[in-house]
J.: 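Pasting a structure below so you can have a look.
Note on naming: letters A, B, ... go to the chains in the order of the sequence lines (proteins, then strands), and numbering restarts at 1 for each one.
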Amino acid sequence: MTSMDQAETLATRPAAAKRPTARYPFEGLVKLRARLVPSHILGEIMSKQWIDSAVPATFMVLVIGLFLIVAPGFFTGANISDGGRQLGEFGLVALGMMVVIMGGGIDLSVGSIFALGNFTALALTNLFDWPVAAVLPCVVLICAFAGLINGVLIGYFRLRAFLTTLVSLITIRALVDVLLLEFAVDISAGFYDSAIWDFAGAGDVLGLPTSFVVLVVVAIAIHLFLSRTRLGWHVMAVGGSRRSAHNVGISVRRTVCGTYVLSGALAGLAAFLYAARLGNGGSYPGAGMEIFALTAVIVGGTSLGGGRGSVAKALMGSIIVLMINLGVVQMGLQSGAGQLVLGLILLLAIAIDVRFIRNREKILSRLYMSPTYFSLPEAPDAEQPASSYALNDQLGDVSLIGLGKLDGAEDVIFDAQDNLYCGDRLGNIVRFDGPDYQEGKVFAHIGGHPLGLAFDRAGVLYVCVGGMGLYRVHPDGRAEKATDQTNRSAFSIIDDSRMRLADDLDIAPDGRVFFSEATTRYDMETWPADALESRGSGRIVCYDPAKNTTRTILRKLVFPNGVCVEPGGQSLLFAESWACRVSRYWFAGPKEGQVERVIENLPGYPDNVNRASDGNYWMALMGMRSPALDLALRMPDFRRRMALEVAPDEWLYPNINAGCIVKFTADGKVLETLWDRHAENHPMITSMREHKGALYLGGILNNRIGKHVLKDADPNWTAGASYWGQR
Amino acid sequence: MTRAVSRKRLITQEKIVFAIFVLLFLGFSLFLPGFLTANNVALLLQSVSVLGILSVAMGATIIAGAIDLSMVALMAMSVAWALQLVNNGMPVPLAMLIGGGSAILVGIINGVLVAYVEIPPLFATLATAACIYGFGRFGLISQDTVYLPKNLGWIAELGHGRVYGLPMPVIVFAVLAAAIALVMNYTKFGRFAYAIGDNRATARITGVPVRPVLVLQYTVSAIVAFIAGLVQATAINSMNTRITDTLLIYEVILVVVLGGIGLSGGKGGIRNVVVGTLLIGTFLNGMTIMNIQFTAQNAIKGLILLTAIAIDQVINPRDEQTSQQGDI
């Protein structure tokens, strides 16, 4: 039996506490459905980056499938070979267009540059009889030069891309027309005999048409360029946000200019292959190509305006457009049908693109949230004077440290010299020098939001940093990463190898660091949404500094939060916030791997757990349960509707504004509770640390640290000594 | 740059263009035999009136921060369809109603795509242009060219007639220009269009009904395109649908930009369009008289357009700090 199964059994076993009596109709069915239907998968799939490519890929498969049905003879040898060559030429042009659009521009002149390249290639071969080795670079260079003119005008003189390339379209077309008037007859009369020329036009490489092979090679090169090189990143940055790219020091003008040069060169390469294939100076090679290429790029899912797109998308778009175009010809439809179909597809693709880009985050945030059924027993009543949770005003006399200087000290800890350390929302570790704790100084800057803290045997401070992972700060203030990823679970859709929300930690006698990651589905800014899901996506992770390995040891915990290694050195206690319970996990000894429940049905949401001087444990309840939310947790549909229809600010969240401190024994008996009854002094508590007869209180939403003097505690006890002995 | 500020500037693009027009006109008059004759000037005006009519509507659209690349396709297809219906025996008013109605429908579709679906105007209208031409050739009109029926009545006068020696197309141009100028300057709709073109977000926050105004703008553009088509068809006795493939739509933009209406919207007025039309008309007429090859004319037009865009950039500069995402 694995520890996982055991946790499950424990969760479902009949608890001593009273189960809720009033069930609503069909609650059993709702519970069953929530258990059987993995409704969170849809949102997780939608959050993947590759979902962008899924739409064009599906569309491509549909188009190909349609052709198999409508025109079964379409995919015969000759058609495929010819189609492969056309795809090779068209794909090159589309790739150039894609790069330009990625950089935030547009290149309507590709068709005319293509015609120019075609004419140049034919003139150089048929008229001047140049060798192919000279013709190819010459054609590409001339076309790249045409692209350079575009690039200089748009990049450096910042003319409007659409109209400028439109002008190039007209002007270059006019130029080619003039040249054709002069030379068309001579070109068609000429004859050029070259094996390489024929190979470029009609040859095969390993059974694949030459043009297609060229396309594949160029596509790989451009993919590597965009995704792996500095210049490629510049292109994406400029397209993503021109202003930000400029502000971080990227030469926007040069980058933009470069994209047009690349587009021109690729159109030239395509034209060279086209010329070699057809040898045709004919009326309008490349006419309308800009619209085809534009449609291909947009249908593939590259965004107008830049920053989003890929080589694969451009290629898929090219295949779709070419197939449709060939299909319209194949079906012998009247002139105009092709334009109609293409125009409609272009409109549809742009409309989807615009709407999708605009609403993606909104759709995702609504789809992502997937509440499940979660039932808690009726909460203990703190109003009852006889209850061990009974309200009192023991925290009414808390004195404050660093008031107004701190922002979000989730946890506090002391070193051997009695200095106090805490994190803050700005990513700093702040140190208050003992014994009066008046002056706070930034001890180290990590970033993220430092949460749980623990010292190891050597006095190195380990920190769980929300949003970053597990870090350590050496006594000299040097911060370094300990770990930020663990083993990925086998069937997870979202990448759960990265640490999203490392929360609290403790260190075993052998130096192993056990820390909780509260949720793998939400981030530092959105974690309250996890409470509404109550799905159980958190985990306990073990980092071994000796071997520098990180392993997940417990999964599917409901917001695991506080972690505390027990003095025996073989087990740890961990609190699950939304499940309102505390469990013990044995990481060594005869019971290794087992999980047992220590406290169930707390009246609030447990946070950090730490040792007390009398051998018991302190635990912070960061907020108290409310009957309304408890009931809502049994109604997944209600919470889903809430997430869909109500603004996040208005959602029913767990209370995390007023809590208390609980002291409990190792076998789960609650001894006493410390309250700030009037909620004036220190009601919000996420952590407490006993140190020399006083309890120091942290709160993730607080601007201070509280100090509460314990009357009958050992005035010399320190946590450090309890862990590592007197130094 | 607000209109108030531009009024203070001594040298505006409009004045420069007007000066060039005057110089060019004088130069051609002196050096080109046959240019300054009553007949040629009337011809010049007539030849640019269709361009001018289209440009007036395009100018208003561009002032509202949009653009309509589907005008020429729409003009060709709606008029060709109406003429074909008459040729097939349909009563003239009904055919005109259908032609004009289909144009209005396309205008509304354009407006909805731009205003409600929020597709960038350049691409929305580029795609609808392809759709209009494709649909027309695929489903409505069988030949490239539809000839003018004999029984058009007064509509035929739009292209043929003369009033006090002035060709009718010129009068249509003048009337439309005056009407749209009045609308742009003195009606709520016109002022809203300026506000939207100047800053769409601000206009919307201020309470301007941005989306309905844009739809109306495209509808007006479509109606004007239909009228321009009638003038064109009656003037040359036929409607060649291949006009869609020519550079006419870019010449329209050329006229508007040359006249000094900024492409970013909110600037300029109908007067700029008239000045731009005059210059382009004179230029084309002169080149034709000088017997310059058609393709070379295209290249020269391209270069003029480029210059116009470059001047627009200097006068209404954009840079990395101020340019908007997707503003291409």
Side-chain angles (χ1 to χ4, degrees), chain A residues 101 104-106 153 157-164 166-178 181 238 240-243 245-247 252-253 287-288 291 294-295 298 303-307 333-348 350-351 353-355 358, chain B residues 67 113 117-120 122-124 126-142 144 241 244-245 247 250 253-254 257 263-264 293-310 312-314 317-328:
Chain A
I101 291 182
I106 190 167
L153 289 172
F157 294 104
R158 285 157 294 141
L159 303 188
R160 283 169 181 274
F162 192 94
L163 290 166
T164 309
L166 200 63
V167 170
S168 330
L169 162 76
I170 298 169
T171 318
I172 297 174
R173 169 72 64 200
L175 178 70
V176 173
D177 285 347
V178 171
L181 277 181
V238 168
S241 173
R242 210 181 152 90
R243 189 179 303 192
H246 174 75
N247 288 345
V252 171
R253 299 177 182 190
I291 303 289
L294 182 64
T295 311
I298 303 296
S303 280
L304 284 175
L333 291 177
Q334 215 177 335
S335 73
Q339 284 207 7
L340 176 61
V341 172
L342 210 67
L344 286 176
I345 291 175
L346 181 59
L347 262 187
L348 190 72
I350 298 183
D353 176 53
V354 170
R355 303 312 298 185
R358 189 155 302 203
Chain B
I67 200 165
L113 288 176
V117 188
E118 300 184 352
I119 300 177
L122 279 171
F123 295 96
L126 190 70
T128 47
C131 289
I132 294 164
Y133 180 75
F135 182 70
R137 288 310 315 278
F138 179 59
L140 302 178
I141 300 144
S142 40
D144 271 351
T241 57
T244 311
D245 287 340
L247 301 174
Y250 307 129
I253 298 175
L254 170 60
V257 176
L263 278 169
S264 47
Q293 215 178 41
F294 179 67
T295 47
Q297 281 192 25
N298 278 344
I300 293 169
K301 270 188 271 187
L303 291 178
I304 297 175
L305 182 53
L306 192 63
T307 317
I309 301 168
D312 182 41
Q313 164 64 26
V314 173
R318 311 178 308 154
D319 63 19
E320 283 81 7
Q321 286 295 321
T322 57
S323 64
Q324 295 290 311
Q325 187 73 10
D327 181 18
I328 46 182

J.: If I take atom CD1 from residue B:Ile300 and atom CD1 from residue A:Ile170, how far apart are they, to the nearest 0.5 angstrom?
T.: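 Answer rounded to 0.5 Å: 13.0 Å.
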J.: Using non-hydrogen atoms and a 4.5 Å limit, figure out which bit of B:Ile253 sits close to chain A: side chain, backbone, both or neither.
T.: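 Interface part for B:Ile253: side chain.
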J.: For chain A, which of B:Gly302, B:Cys131, B:Ala299 has the most heavy-atom pairs under 4.5 Å?
T.: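 The residue among B:Gly302, B:Cys131, B:Ala299 with the greatest pair count is B:Cys131.
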J.: Do you know the tightest heavy-atom contact between B:Ala124 and A:Leu347?
T.: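 B:Ala124 and A:Leu347 have their closest heavy atoms at O-CD2, 4.0 Å.
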J.: Between A:Ile172 and chain B, which part of the residue has a heavy atom less than 4.5 Å away: side chain, backbone, both or neither?
T.: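 It is neither, since no heavy atom gets under 4.5 Å.
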J.: Yes or no on side-chain contact (heavy atoms from CB on, under 4.5 Å) for A:Leu294 and B:Leu126, after CA distance, side-chain angles and deciding distance?
T.: CA-CA 11 Å; A:Leu294 182 64; B:Leu126 190 70; 4.2 Å; yes
J.: At their closest point, which heavy atom of B:Ala130 faces which heavy atom of A:Gly343, and how far apart are they?
T.: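 Shortest heavy-atom contact: CB-CA, 4.1 Å.
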J.: Side chain from CB out, backbone as N, CA, C, O: work out which of these in A:Ile101 comes under 4.5 Å of a heavy atom of chain B, or both, or neither.
T.: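 A:Ile101 has no heavy atom closer than 4.5 Å to chain B.
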J.: Go through B:Phe123 and A:Ile106 one step at a time and tell me if the side-chain contact (heavy atoms from CB on, under 4.5 Å) criterion holds.
T.: CA-CA 11 Å; B:Phe123 295 96; A:Ile106 190 167; 3.3 Å; yes
J.: Just give me the residue among A:Ala174, A:Ser303, A:Ser168, A:Ala245 that pairs up with chain B most often, heavy atom to heavy atom, under 4.5 Å.
T.: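 Highest number of heavy-atom pairs under 4.5 Å: A:Ala174.
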J.: Measuring only between side-chain heavy atoms, which start at C-beta, is B:Leu306 closer than 4.5 Å to A:Leu159?
T.: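 A side-chain contact under 4.5 Å exists here.
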J.: Considering only heavy atoms, which portion of A:Ile298 lies under 4.5 Å from any heavy atom of chain B: side chain, backbone, both, or neither?
T.: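 No part of A:Ile298 comes within 4.5 Å of chain B.
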J.: Heavy-atom pairs under 4.5 Å with chain B - which of A:Val178, A:Leu166, A:Thr171 has more of them than the others?
T.: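 Maximum pair count with chain B is reached by A:Leu166.
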